[in-house]
Amino acid sequence: MKYAAPRGTKDILPDEAPLWQAIERACRETFGLFNYREIRTPVFESTEVFSRSIGDSTDIVSKEMYTFADRKGRSLTLRPEATASVVRAALENNLLSTDNLLKVYYLGPMFRYERPQAGRQRQFHQAGVEAFGSADPSLDAETVQLSVKLFENLGLKELAVDLNSVGCPECQPVFREALKKYFAAHLAELCDDCRQRFAANPLRLLDCKEARCQKYIEQAPAMIDHLDPECQAHFAKVRGWLDGLKVKYRVNDRLVRGLDYYTRTVFEVVSKQLGAQNAVCGGGRYDNLVKQFGGKSVPAIGFAVGLERLAEIMGKSKVKSQKSKVDLFIAVLGEQAKKVAFDLMSQARDLGLSADTDFLGRSLSAQLKAADRLGAGYVYIIGDDELAKRSAALKNMKTAEQKEVPFAELFTQFAGECGKGCSCEE
RNA sequence: GUGGGUGUAGCUCAACUGGUUAGAGCACCAGAUUGUGGAUCUGGGGGUUGGGAGUUCAAGUCUCCUCACUCACCCCA
């Protein structure tokens, strides 16, 4: 084999496409219920759009971006996530203001240069929402509720919502120092990775999986105990609203998110049915990002859902979408019969019926076999005799019954046969 | 970027400590049925054993390199 899809990419084949369509449909519908409207941004942007927003020190920016120079030497990057693009687009098109709310959603491929593993690819798909213009805790709660609602609409269970607050630019640095102070005393006992984290990003110390680090992590200070009064009040209100909405969640004071722009509320939805990469949805508030981009100070919140991970769970949960079926297959014997078939198929398709015929010159027996495999509802059999009398047998593939129907009356008969008009798609 | 596992037909897997022409099931195609699908029977097409180099009289099997897949770490959806 000479060609293969690039490492970390996948073909979505006809058999699995219906599952993807179902997922995308559910996303659009659910987002719509919460009054989000779609926004489509380019899959690549100026590199600075990402490096300046996601954070230069994050792994995404420092080692995972697909960055290239175009023919004029401009540095462009395939989007590793969509929030930065959406902020750029909203600012560029004057969609943001401090006294109006903007709710937008997106759906599409993202790109990160990582080592592939279960639930992780180099090209993957996310659906997400972003709401701009309100710092109100009720919006945080609605956003979490929306993610939960989406999974409910997809029929998924065994999911859990983790919630935390990472504070704001005032209180987070204080907590960071407290953490460093605490871990400094145990530095020698920690794993290599944690010693790295200590220097680069102390918050990450909290979600180390190494057993030897666990006992120190358990005793470590928690962000929620170090929130300033405003952040603390905000977090309490978010929880209040969530309780009011009867959304189940657990406070996870070890939840840390990897993007620099998050403030206050962060959350994740995790599934037990996935491997190590078990987050199907992650998000949070980012009240300073718009300002950082050079806009006004517009608070915002959003989340992203990993569609491959969703598809993975749905495959396991046997939430299967039905196979596509062809309503009418026309079996033909000879060139003349095929001409008639082509004419009839045109009519069928004008009526909204899916139709197909033989293109391989197969025997009648083989054509019926093919029709059977296509899940054809009916087969219309045209040979020389039929051409002469301009009438042929219409066979019901379920009951195996067949009856003589003139060419001219095929579709009136057909409508009667399959019942309700001609909508046999169901 | 780091570590482990795996690469044999479209798919799932065989092939004793290296030994003749690499097999089976499923799937596919054809015929039995010269014009009637699902079942059955018969036959058939399919492979550079991921690729390359090496050891050997002899390599699917052993060694090295490489590529891919996979799982985990880092990190993230």
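Order of the sequence lines sets the chain letters (A, B, ...), proteins ahead of strands, with each chain counted from 1. Note that this is a predicted model, so its numbers are computed, not measured.
Straight-line distance from the CD1 atom of A:Ile23 to the P atom of B:A77: 18 Å, rounded to whole Å. Distance CZ (A:Phe151) to P (B:A77): 13 Å, rounded to an integer number of Å. To the nearest angstrom, P of B:A77 lies 15 Å from CE of A:Met65. At whole-Å resolution of the value, CG in A:Asp193 and C1' in B:C75 are 10 Å apart. Distance, A:Glu64 CD to B:G1 P: 12 Å, rounded to whole Å. Rounded to whole Å, atom P of B:G37 lies 17 Å from atom CG of A:Leu394.
Looking only at atom types and distance, the side chain of A:Tyr286 has a donor-acceptor partner in the side chain of A:Glu130 under 3.5 Å away. Side-chain contact annotation: A:Tyr249 with A:Arg239, donor-acceptor N/O pair under 3.5 Å present. Side-chain contact annotation: A:Glu404 with A:Ser391, donor-acceptor N/O pair under 3.5 Å present.
With A:Phe44 as the aromatic partner, A:Arg79 does not meet the cation-pi criteria of under 6.0 angstrom to the ring centre and within 45 degrees of the ring axis.
Comparing B:A77, B:G38, B:G35 by their closest approach to the side chain of A:Ala400 singles out B:G38. For A:Lys395, taking side-chain heavy atoms from C-beta onward, the closest of the listed nucleotides B:G37, B:A77, B:C71 is B:G37. The nucleotide whose nearest atom lies closest to any side-chain atom of A:Pro116 is, among B:G35, B:C73, B:U70, B:U70. Set against B:G37, B:U36, B:C75, the side chain of A:Gln402 has B:U36 as its closest nucleotide. Relative to the side chain of A:Arg120, the nucleotides B:C75, B:A68, B:U36 differ in distance, and B:C75 lies closest. In the set B:C74, B:C71, B:G37, the nucleotide with an atom closest to the side chain of A:Ala118 is B:C71. Side chain of A:Leu368, nearest nucleotide from B:U36, B:C73, B:C74: B:U36. Side chain of A:Arg115, nearest nucleotide from B:C74, B:G35, B:U2: B:U2. The side chain of A:Tyr262 lies closest to B:A77 when the candidates are B:U36, B:A77, B:C73.
Taking atom P on both B:U17 and B:C62, the two are 10 Å apart, rounded to the nearest angstrom. Nucleotides B:U12 and B:G31 have their P atoms positioned 30 Å apart, rounded to a whole Å.
Formation of a donor-acceptor pair under 3.5 Å by the A:Arg112 side chain with backbone atoms of A:Ile60 is not found in this model. Between the side chain of A:Asp358 and the main chain of A:Arg362, a donor-acceptor pair closer than 3.5 Å is present. A donor-acceptor pair is defined here as one N or O able to donate and one able to accept, closer than 3.5 Å; no such pair exists between the side chain of A:Asp372 and the backbone of A:Leu368.
For A:Lys63 and B:C74, a side-chain-to-base donor-acceptor distance below 3.5 Å is present, hydrogens and geometry of angles not being considered. Taking only distance into account, the side chain of A:Gln367 never meets the base of B:G35 through a donor-acceptor pair shorter than 3.5 Å.
In terms of phosphate contacts, A:Gln277 brings a side-chain nitrogen or oxygen within less than 4.0 Å of OP1 or OP2 of B:C73. A:Arg257 has a side-chain polar atom (N or O) that falls below the 4.0 Å cut-off from OP1 or OP2 of B:A77. At least one side-chain nitrogen or oxygen of A:Gln117 sits closer than 4.0 Å to the OP1 or OP2 atom of B:A72.
For A:Phe198 and A:Phe183, the ring centers are positioned 6.0 Å apart or more.
Put simply, CD on A:Glu81 and CZ on A:Phe124 are 9.0 Å apart, with the number rounded to the nearest 0.5 Å.
Residue A:Gly334 is classed as having no contact, given no heavy-atom separation below 4.0 Å to the nucleic acid. As judged by a 4.0 angstrom heavy-atom cut-off over every strand, A:Gln196 is placed among residues making no nucleic acid contact. Within 4.0 Å (heavy atoms only), A:Ala371 reaches no atom of the nucleic acid at all. Note on A:Gly119: a base of the nucleic acid sits closer than 4.0 angstrom, heavy atoms only. Within 4.0 Å (heavy atoms only), A:Arg112 reaches at least one base atom of the nucleic acid. Using a 4.0 Å heavy-atom distance criterion, A:Leu307 is classed as making no nucleic acid contact. A:Glu114 comes within 4.0 angstrom of a nucleotide base, judged by non-hydrogen atoms across all strands.
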Polar atom pairs (N or O), protein with nucleotides 28-31 of chain B, under 3.5 Å:
residue : atom : partner  : partner atom : Å
B:C28   : OP1  : A:Arg373 : NH1          : 2.8
B:C29   : OP1  : A:Arg362 : NH1          : 3.2
B:C29   : OP1  : A:Arg373 : NH2          : 3.1
B:C29   : OP2  : A:Arg373 : NH2          : 3.2

Could you walk me through whether A:Cys171 and A:Met223 satisfy the side chain to side chain contact (heavy atoms under 4.5 Å, CB included) test, starting with their C-alpha distance in whole Å, then the side-chain angles of each, then the deciding distance to 0.1 Å, before giving a yes or no?
CA-CA 9 Å; A:Cys171 57; A:Met223 183 70 229; 4.0 Å; yes
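Classified by interplanar angle (parallel below 30°, tilted 30° to 60°, perpendicular above 60°), the ring pair A:Phe175/A:His226 is tilted. Ring geometry for A:Phe31 versus A:Tyr105: interplanar angle of 30 to 60°, hence tilted.
Nearer the 5' end of RNA chain B, as judged by each residue's closest nucleotide, is the contact made by A:Ile382, out of A:Ile382 and A:Val269. Along RNA chain B, the nucleotide nearest to A:Thr399 and the one nearest to A:Tyr113 differ in position, and the one closer to the 5' end is contacted by A:Tyr113.
Every stem involving RNA chain B, taken as at least 3 paired positions in a row under the Watson-Crick or G-U wobble test at 3.5 Å, is listed here: B:1-7 with B:67-73, B:10-13 with B:23-26, B:28-32 with B:40-44, B:50-54 with B:62-66.
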